[in-house]
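This report concerns only the one structure given below.
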Amino acid sequence: MGLNFEKIMVIMLIALFLLGPDRLPVYAKKLGELVRNLKRMADGAKDRLKDEMGPEFDEVDWRQLDPRQYDPRRIIRDALVEDEREAHAEARRARIAEASAKRSAAAAAGPPEGGVYFDEEAT
């Protein structure tokens with residue numbers, strides 16, 4: 001979230017003015033309890049996931065699933081490159097099919113004049 005010491009101090013000052021010095025310790029205690037409960041719940045969920053997954057839990061690369069590593073520019077670039085690759089592959093398949101059809105037609109027509117498939121003078 002980009003919180004540094006200065007921002008936290010500003011938030012504390014605003015809270016002091018809004019809540020007053022009498023209620024601020026009570027709300028700070030509640031905030032501390034909330035953070036502890038959230039941490040306890042997260043640890044419990046992690047332990048439950050470990051129990052349910054068994055030994056595969058340690059084999060999973062959790063850093064790969066971290067959403068912070070994804071760069072939208074890279075995702076778009078990869079998608080565009082993938083579309084371009086698919087277009088090139090489709091064109092290549094069309095050329096192969098066309099060449100195959102020409103070969104099949106030539107084979108069905110029989111041998112060329114003279115009954116030889118190659119140029120005798122070239123060899």
Side-chain angles (χ1 to χ4, degrees):
M1 290 175 41
L3 289 178
N4 54 23
F5 183 71
E6 291 85 18
K7 290 179 183 177
I8 292 173
M9 289 300 296
V10 169
I11 292 171
M12 291 175 84
L13 281 173
I14 292 172
L16 180 64
F17 285 121
L18 290 176
L19 298 175
D22 297 332
R23 290 188 291 174
L24 188 61
V26 174
Y27 284 106
K29 181 179 177 183
K30 287 183 181 181
L31 179 64
E33 290 172 359
L34 175 69
V35 169
R36 277 192 295 277
N37 286 337
L38 287 174
K39 183 172 177 3
R40 194 175 308 123
M41 286 173 38
D43 289 341
K46 184 177 178 183
D47 292 340
R48 184 173 175 188
L49 187 62
K50 271 186 180 180
D51 291 342
E52 290 181 9
M53 285 185 69
E56 290 112 19
F57 182 84
D58 295 328
E59 296 170 7
V60 175
D61 184 14
W62 296 107
R63 286 178 280 141
Q64 181 183 11
L65 301 175
D66 186 5
R68 293 176 290 183
Q69 73 173 341
Y70 296 111
D71 180 18
R73 293 170 294 192
R74 189 184 73 198
I75 293 170
I76 291 171
R77 185 182 64 237
D78 291 346
L80 292 174
V81 168
E82 183 176 315
D83 291 343
E84 192 174 301
R85 284 183 192 149
E86 289 176 10
H88 287 301
E90 185 61 36
R92 192 175 316 119
R93 282 189 224 108
R95 287 193 307 268
I96 290 171
E98 183 181 332
S100 176
K102 285 181 182 178
R103 273 188 254 128
S104 297
E113 294 179 26
V116 181
Y117 285 103
F118 57 90
D119 186 8
E120 292 180 356
E121 294 176 5
T123 56

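Computed from a predicted structure; not experimentally measured.
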Exercise. Are more than 12 heavy atoms from other residues, nucleotides or ligands located less than 6.0 Å from atom CZ of Phe57?
Worked result: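 Above 12, so yes.
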Exercise. Do other residues, nucleotides or ligands put more than 12 heavy atoms under 6.0 Å from Met12 CE?
Worked result: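 For Met12, atom CE is not crowded (no more than 12 foreign heavy atoms under 6.0 Å).
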Exercise. Thinking salt bridges, do Glu90 and Arg93 make one under a 4.0 Å N-O criterion?
Worked result: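 The answer is yes: the pair qualifies as a salt bridge.
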Problem set entry | Side-chain donor or acceptor of Ser104 paired with backbone N/O of Ser100 under 3.5 Å |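 Yes; judged by distance alone, with no hydrogens or angles, the pair exists.
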Problem set entry | By side-chain hydrogen bond (donor to acceptor under 3.5 Å, both in side chains) - contacts of Asp61 (at least two apart) |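 So Asp61 forms no side-chain hydrogen bond (donor to acceptor under 3.5 Å, both in side chains) with any residue.
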Quick one: do [X] and [Y] end up in the same hydrophobic cluster if we chain Ile, Leu, Val, Met, Phe, Trp and Tyr together by side-chain heavy atoms under 4.5 Å apart?
| X | Y | value |
| --- | --- | --- |
| Ile11 | Leu24 | no |
| Phe5 | Ile8 | yes |
| Leu19 | Leu31 | no |

Problem set entry | Closest approach of Val60 to Met53 (non-hydrogen atoms, all atoms of both residues) |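 The pair with the smallest heavy-atom distance is CG2-CE, 3.7 Å.
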For this session: Sequence neighbours left out, what passes salt bridge (charged side-chain N to carboxylate O under 4.0 Å, His left out) with Lys39? Give chain and number order.
Result: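 Applying salt bridge (charged side-chain N to carboxylate O under 4.0 Å, His left out) to Lys39 gives Asp43.
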Problem set entry | salt bridge (charged side-chain N to carboxylate O under 4.0 Å, His left out) partners for Glu86, two or more places apart |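 Scan of Glu86 (salt bridge (charged side-chain N to carboxylate O under 4.0 Å, His left out), adjacent residues dropped) gives none.
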If you measure from [atom1] on [X] to [atom2] on [Y], what distance do you get to the nearest 0.5 Å?
| X | Y | atom1 | atom2 | result |
| --- | --- | --- | --- | --- |
| Arg40 | Glu33 | CZ | CD | 9.5 Å |
| Lys30 | Asn37 | NZ | CG | 13.0 Å |
| Glu84 | His88 | CD | NE2 | 4.5 Å |

